[in-house]
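Structure record follows, encoded as structure tokens.
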Number of protein chains: 2
Amino acid sequence: MDDHQQVRRRDSSASRAALLDAAAELFAERGYDRTTVRDIAGRAGVNQALLFRYFGSKEALYAAVVARAGRDKLAEVPPNELFAQLLRGILDRQAGQDHSSQIMLRSSAEDVSVKAIGQELGQDYIRALSVLTDAPEADLRAHLVLAWIVGIDLMRADGGLSPLASANPEQVVACVLPAVRTLLERIKDISPE
Amino acid sequence: MDDHQQVRRRDSSASRAALLDAAAELFAERGYDRTTVRDIAGRAGVNQALLFRYFGSKEALYAAVVARAGRDKLAEVPPNELFAQLLRGILDRQAGQDHSSQIMLRSSAEDVSVKAIGQELGQDYIRALSVLTDAPEADLRAHLVLAWIVGIDLMRADGGLSPLASANPEQVVACVLPAVRTLLERIKDISPE
DNA sequence: ATCGGATGTAAGCAGTTGCTTACAAACATC
DNA sequence: GATGTTTGTAAGCAACTGCTTACATCCGAT
């Protein structure tokens, strides 16, 4: 037991990963409430009892998913590109292998205890966005920007007939960005283009 | 039986009205999914079996609520004041005896069949808003405006710590309106002030 | 070879959901 | 007052929820 002290036997970590992946997809698609543990285990190809063995509860699984999803993007994307990046991540349905946005956004509508988990991540986004303006109510303005993304995601996801779902993403971005610049005035730049 | 052919006996119409009122409140507060028929009947002070006798199903009750809520406001508020009016209706928690906005907005996040009910009303709002701009993508821009209201409502309702819940409504309106004007350019006026 | 813990599975429990049914009470009409 | 419809009530059903338990099975260590 010098180098590998733990060799996977029947691959518990693969089961955990499968559960995390399936949960990330489903939470992003349907939100927390409308996703059942049977759905998750089913998509993961894993017995549902393992979900509870490895994560303890559906809520703890959700926390793990949010933690894993939030880590990456926020650390890598510079604040002035964050908004455009988030928006594109939402608009590009298949291009967005990155569920992190939806997971956080969908959490807004859920349980009291659950929403706190997602909101912690939301707070980080808020902080990143609020540095873009020197207006006195920077925090409020950052919240408004995030609220817009939440709303766009919801209407895009539900209203199949909405132009938000069918329109060219870049056209949407072109509409939204000027308005957001109005919100976050005296700003370096929001869009990299 | 010359004038009143139907005199209320044990007041079935009062029960119907109580159910409609209670349902309107609860759907606005929690959305469709998280509102149970027992909750509705309980708040209405009515046996839950009556809910099904009078409305057939929870979904049909929802349709009745949406229909009643949507009729009024849209007909009375002129388009150029519609956005500010909607926004204020959301921000003023107690001032807003008018649940119509929330009911429609909350419906966005719900069931497939249920969302269609709320979206019919949403379409009317879209049409009213899209006349405010002469941009080619007027429809898209109107959807974006409505999406913003949806997002603000969601974040305000869930994040008790959000400044959207605590800030002075007029301050929020002052932040948002200029940005919306950027969206709906070449426009008469959005705010009456 | 065997023991013990790690991994996977089937079955079920208690609670909640929307909804139904069987029945009692109140009213209008005769 | 008798009759039949309308209004209200209690109980329960079938399905689903998150979660638990009892039990096979595999595998590394001794």
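Lettering follows sequence order; numbering is per chain, from 1.
- Rounded to an integer number of Å, the gap from CG of A:D11 to P of D:dG28 is 12 Å.
- At the phosphate of D:dT7, OP1 or OP2 sits under 4.0 Å from a side-chain N or O atom of B:S12.
- A:F55 comes within contact range of no nucleotide atom at all, as no heavy-atom separation falls under 4.0 Å.
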Q: Determine, step by step, whether B:I126 and B:D139 satisfy the side chain to side chain contact (heavy atoms under 4.5 Å, CB included) criterion, reporting the C-alpha distance in whole Å, the side-chain angles of both residues, the deciding distance to 0.1 Å, and the verdict.
A: CA-CA 7 Å; B:I126 295 287; B:D139 197 47; 3.3 Å; yes

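- We find that CG of B:L50 is positioned 17 Å from P of C:dA22, with the value rounded to whole Å.
- Residue A:R30 contributes atom CZ, which lies 14 Å from atom C1' of D:dT17 at whole-angstrom precision.
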Q. What's the verdict on salt bridge (Lys or Arg N to Asp or Glu O under 4.0 Å) for B:D33 and B:K58, showing C-alpha distance, side-chain angles and the deciding distance?
A. CA-CA 10 Å; B:D33 277 352; B:K58 180 189 177 187; 5.4 Å; no

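- Counting to the nearest Å, the C1' atom of C:dT7 and the CZ atom of A:R53 are 6 Å from each other.
- Between the side chain of B:R156 and the backbone N or O of B:I90, at least one donor-acceptor pair lies under 3.5 Å.
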Under 3.5 Å, which N/O atoms of the protein pair with N/O atoms of nucleotides 13-20 of chain C?
unit_1	atom_1	unit_2	atom_2	d
C:dG18	OP1	B:T35	O	3.3
C:dG18	OP1	B:K58	NZ	2.8
C:dG18	OP2	B:V37	N	3.0
C:dG18	N7	B:R38	NH1	3.0
C:dG18	O6	B:R38	NH2	3.0
C:dC19	OP2	B:K58	N	2.7
C:dC19	N4	B:Q48	OE1	3.0
C:dC19	N4	B:Q48	NE2	2.9

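- Between the side chain of B:Y32 and the main chain of B:E59, a donor-acceptor pair closer than 3.5 Å is present.
- Every residue meeting the side-chain contact (heavy atoms from CB on, under 4.5 Å) condition with A:F52, not counting sequence neighbours, appears here in chain and number order: A:V37, A:Q48.
- Judged as a side chain to side chain donor-acceptor pair (under 3.5 Å), and not counting sequence neighbours, the contacts of A:D39 are A:R30, A:T36.
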